[in-house]
Each structure stands twice: as C-alpha cells, then as structure tokens.
Amino acid sequence: MAFLLRKEIKHLIFWLLLAAGIGWIWDQALAAALTVSLFFISYYLYQLKRLLKWQQTPEEEPPEARGVWGEIFDNLYNYQRHQQGHQYRLKQILDRVQESSQALKDGVIMIDARGELEWWNRAAEDLIGLRSPSDQGSPITHLLREPRFVDYFDKQRYQEPLILPSPITEGRTLEYQITQFGENDRLLLVRDFTRLQRLERMRQDFIANVSHELRTPLTVLSGYLETFSDHADNLPAKWQRGLTLMREQSTRMEHLVEDLLTLSRLETSDLEVSVEPVAVDQLLASIRLDALALSGEEHRISLDIDRQLRVYGSDKELRSAFSNLIFNAVKYTTPGTEIQVRWYHDRAGAHLEVIDDGPGIDPKHLSRLTERFYRVDQGRATSTGGTGLGLAIVKHVMLRHQGRLSINSDVGQGSCFSCHLPITRIYLMSHED
Ligand code: ADP
C-alpha cells in the first residue's frame with residue numbers, strides 16, 4: 001500500500017511538472033498545473049463517490065479501479081469478507097448456545113440491568129408461564145409478583161437460592177437462583193424442586209418418627225434403670241458399675257432423641273413469635289443459673305446485658321439457642337474458666353456474645369461446627385454428654401429469626417460464639433416500661 005501511495009504521489013508530481021513545463025512555453029505554467037490538479041481532484045472525488053455507493057450495497061463486488069484506489073477497494077472487500085466470516089461463526093456459536101439452552105429442563109432467563117426480560121428458553125415458559133414474545137421487555141417483578149421473590153430480586157443477595165411455590169402449577173415447588181454478569185445484567189435459573197423437596201420432607205418425617213418412636217421405650221428403660229440404681233447397694237460391685245454406665249448411656253440417648261426432635265420441629269414448623277417481645281435479660285439470667293448448676297459453680301459467668309433490649313421471636317427457641325451456647329462454654333472449658341455473656345445492639349441489629357477464655361478450637365473445624373453430629377473431639381464429646389447437635393440447633397433458630405451464628409476461636413485463645421439478630425426484630429423498652 002505504501003508503495004502504491006508513493007507511486008501515486010510520483011504520478012501526481014510527474015503530471016504537475018509536465019503540465020507546468022508545457023504551460024511554461026506559453027507562459028501559463030500555473031494555469032496548466034491547476035488544470036492537472038483539478039483533474040486529479042475530480043478523479044479522486046469520482047472514486048470516493050463509487051466507494052460510498054458500494055458501501056451502501058456491500059454484498060456486491062467492489063468497483064473496478066487501478067492503482068491505489070483498486071488497492072483500497074480490494075482491501076476493504078477482503079476485510080468485509082473476513083468480518084462476515086467472523087460474524088457467521090459467532091452467530092453459529094450463539095445459535096448453538098441458544099439451542100442447548102432451549103433443550104435444558106431448567107428455565108434460563110436473561111434479565112437486563114433495568115430488570116427487564118431479554119431472553120428465555122422454553123422451560124422458563126413451562127415453569128413460570130412466560131409468554132413469547134409479549135413478555136419481552138417486561139419487568140420480571142411484574143410477572144413474578146410474589147413479595148419474597150421481589151425482595152430476593154431487589155436485595156441482590158444471591159448467595160443462596162430461593163424456594164417458592166410455582167406461580168402457575170399447584171403443588172409444584174420452584175428453586176430460583178440468580179447470577180449477576182456484565183453490568184448488572186442477571187441470569188435467572190429456575191428449577192423444579194418438587195421431587196427434592198418431597199425427599200427432604202421424607203427425610204425430616206423419618207427422623208421425627210424414629211425419634212418419636214424411640215422416646216417411649218427409652219423412658220421405660222431409663223425409669224427402670226433409675227429404680228434399679230436406687231437399690232444398687234445390694235448388688236455386687238461389677239453390676240453396680242454396669243448399671244452406672246447404662247444410666248449414663250440412656251441419658252445420652254434421651255438427649256439425642258430430644259435434640260433430634262427439636263431439630264425436626266425447627267425444620268418443619270412455622271416460627272411461633274411470642275405475643276410480647278422476648279425479655280432476653282430475664283432469659284439470660286435464668287440460663288446463667290442453670291449453667292452455674294451444670295458447672296457445679298466451678299466457672300465464673302458474668303452478664304453484661306442491655307436490659308432495655310428485647311426482640312420479637314420465639315421465647316422457647318431463643319432460650320434453646322442461647323442456653324446451648326452458654327452450656328457449651330461450660331462443657332468444653334476447664335473449671336475456673338471465665339465466661340462472659342454480652343447482649344447489646346448497634347446499627348446492624350441485636351447481638352448475643354458468649355466469650356470464654358477456654359482451650360479454643362482449631363480454625364480448621366470452625367466451618368463444620370454447625371453440621372449435625374460434628375464434634376471437634378469425639379472422645380471428649382462422649383464424656384461431656386454432647387450430642388453434636390447443639391450448634392445445628394442454634395444455627396436453625398437463628399435462620400428462623402433471619403439472624404445468623406458466627407464463631408471466632410483459635411487454639412489457646414478461647415472462643416466467641418455470637419448470635420446476630422436483624423434490627424427489624426428489636427424492641428427497645430422505654431425506662432417507664
Ligand atoms: P454438642 O451438642 O455435642 O455440645 P455442639 O454442636 O454444641 O455439640 O458443638 C460442636 C462441637 O463444638 C463440640 O463437640 C465441641 O468440640 C465444640 N465446641 C462448642 N462450644 C465450644 C467452646 N465454647 N469451646 C470449645 N469447643 C467448643
């Protein structure tokens with residue numbers, strides 16, 4: 001191209017000089033040079049016009065031309081062909097992506113930054129009743145009006161999926177999961193959750209039923225063991241030991257059954273909020289007395305509590321969660337340990353902290369502590385009579401109150417278990433109350 005351009009310039013200079021030379025004979029050098037310049041300008045304008053005309057119908061062959069203009073036309077033509085090939089390949093990929101998304105059983109819905117529907121597959125039409133093309137461009141929250149979905153969509157906290165009944169099919173449950181991409185564009189995945197939910201319900205019912213069925217035989221066994229223990233003095237020493245062990249184990253099984261029943265109640269029932277906001281100060285004071293009894297007055301338990309601070313929630317469930325944390329601080333630390341219980345509020349909500357300066361927990365266990373039956377030290381748990389369900393219960397109670405449990409601990413540093421409740425649950429008593 002550079003070569004052709006140089007040639008074109010030389011060409012122009014040659015013709016200018018020639019015209020000026022010939023014109024000079026008649027003393028008209030300037031006029032002749034101007035005439036040649038005009039000719040060249042007209043020629044370039046003519047080629048430009050052809051170029052513009054061709055640009056309007058790019059599918060046609062480029063105009064024929066020689067020299068630098070021919071090169072320009074050819075280059076543009078080749079570039080265009082290359083771009084067309086590229087576009088064709090991209091379109092093919094897009095078609096395949098759309099085709100495979102259409103074949104998915106899960107609903108896929110693309111939503112733009114304004115929350116309006118951009119594209120969706122057939123499964124989305126079956127699952128939530130979108131209509132193509134009339135719903136195109138409609139806000140998703142006008143089509144899925146369920147307040148819990150609107151709240152989930154607007155709050156933009158998409159770490160967890162949302163499970164809701166289907167808006168169009170009775171008895172069907174759907175799982176919604178949103179992923180953000182681009183500039184606040186969102187991809188909504190909708191999945192039929194009915195079968196999984198049924199399985200989950202079966203699992204919950206099974207645990208609840210087994211626990212319930214075990215309760216009566218266990219009560220009978222424990223009752224008789226207690227009666228026998230009352231007369232154990234007349235038994236040989238080795239029988240006495242056996243009896244003690246049997247009593248210990250039956251008590252442990254009773255705790256297990258109770259904790260399993262508590263957990264399944266938490267999973268299946270609706271939250272029963274007390275009519276009056278829960279008087280957490282009184283609740284903590286009574287748990288403290290129970291914890292001191294459990295420790296045989298060997299631990300020091302101090303309360304630093306905001307007496308005005310109450311919360312809307314279930315008195316029974318909060319007692320269960322808070323006592324689990326305070327009893328754990330007694331069970332898993334040595335006598336003489338200092339346990340601090342704090343109850344306060346700030347702009348984020350209400351917080352309960354149970355802090356001990358006990359042995360602490362290796363951070364590698366922390367993320368698994370709330371799993372059912374997870375224990376840091378299996379051997380020690382047996383001796384403390386723990387079921388491994390305590391923290392799972394706390395986590396569930398918090399979830400039911402839209403709160404969360406957080407754990408900070410390290411070996412040798414003690415532990416801090418905190419329950420955080422949302423600001424919306426707070427009730428602050430006035431001094432006259
Ligand atoms: P459990 O019902 O057996 O007490 P949890 O779910 O309440 O079980 O606790 C799980 C594990 O967390 C316990 O086995 C124990 O190892 C550890 N843990 C809980 N609280 C404390 C604490 N304050 N200090 C040290 N370890 C603790």
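Position 1 is the first residue of the sequence; numbering continues from there. Every number for a ligand or one of its atoms is a count from 1 in the order of the listing.
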Item to complete: Pick one of side chain, backbone, both or neither for how Asp356 approaches ligand 1, counting any non-hydrogen atom pair under 4.0 Å.
Response: side chain
Discussion item. Taking Arg191 first and then Asp106, would you say they form a salt bridge - that is, a charged N and a carboxylate O separated by under 4.0 Å?
Written reply: no
Worksheet item: Under 3.5 Å, N or O to N or O, is Gly390 touching ligand 1 that way?
Response: yes
Fill in: Nearest-option assignment for atom 5 (P) of ligand 1, heavy atoms, candidates Val394, Ile393, Leu391
Leu391
Fill in: Proximal ligand 1 atoms for Phe417, defined as those under 4.0 Å from one of its heavy atoms
19 (C), 20 (N), 21 (C), 22 (C), 23 (N)
Item to complete: For Tyr374, counting its heavy atoms only, list the atoms of ligand 1 lying under 4.0 Å from any of them.
Response: 10 (C)
Worksheet item: Mind checking whether Phe322 and Trp343 have parallel, tilted or perpendicular rings, split at 30° and 60°?
Response: tilted
Discussion item. Using a plain distance cutoff, I'd like to know if Asn324 has any nitrogen or oxygen under 3.5 Å from a nitrogen or oxygen of ligand 1.
Written reply: no
Item to complete: Would you kindly check if the NZ (Lys) or CZ (Arg) of Arg186 is within the cone defined by 45 degrees around the ring axis of Tyr158 and under 6.0 Å from the six-membered ring centre?
Response: no
Worksheet entry | Atoms in ligand 1 flagged as close to Ser415, the criterion being non-hydrogen separation under 4.0 Å | 24 (N)
Discussion item. Just to be sure I read this right, does ligand 1 sit under 4.0 Å from the backbone of Ile361, its side chain, both, or neither, counting only heavy atoms?
Written reply: side chain
Practice prompt. Return yes or no for this condition: an N or O of Thr387 is under 3.5 Å from an N or O of ligand 1.
Written response: yes
Practice prompt. Decide whether an N or O pair under 3.5 Å exists between Asp259 and ligand 1.
Written response: no
Worksheet item: Quick check: are there more than 12 heavy atoms from other residues, nucleotides or ligands sitting under 6.0 Å from CZ of Arg201?
Response: no
Practice prompt. Pull out every atom of ligand 1 sitting under 4.0 Å from any heavy atom of Arg375, numbered as shown with elements.
Written response: 14 (O)
Item to complete: Report the relative orientation of the aromatic rings in Trp54 and Tyr77; use parallel for angles under 30°, tilted for 30 to 60°, perpendicular for over 60°.
Response: tilted
Worksheet item: What orientation do Phe149 and Phe153 show, parallel under 30°, tilted 30 to 60°, or perpendicular over 60°?
Response: parallel
Worksheet, complete the sentence: The atoms of ligand 1 lying under 4.0 Å from a heavy atom of Lys331, numbered in the order shown, are 4 (O)
Worksheet item: Of all the atoms in ligand 1, which lie at a distance below 4.0 Å from a heavy atom belonging to Leu369?
Response: 11 (C), 12 (O)
Discussion item. Using a strict threshold of under 4.0 Å (side-chain N to carboxylate O), is an ion pair present between Glu71 and Lys7?
Written reply: no
Worksheet entry | Whether His82 and His86 hold their rings parallel, tilted or perpendicular, with breakpoints at 30° and 60° | parallel
Fill in: NZ/NE/NH1/NH2 to OD/OE distance under 4.0 Å, Arg404 and Glu160
no
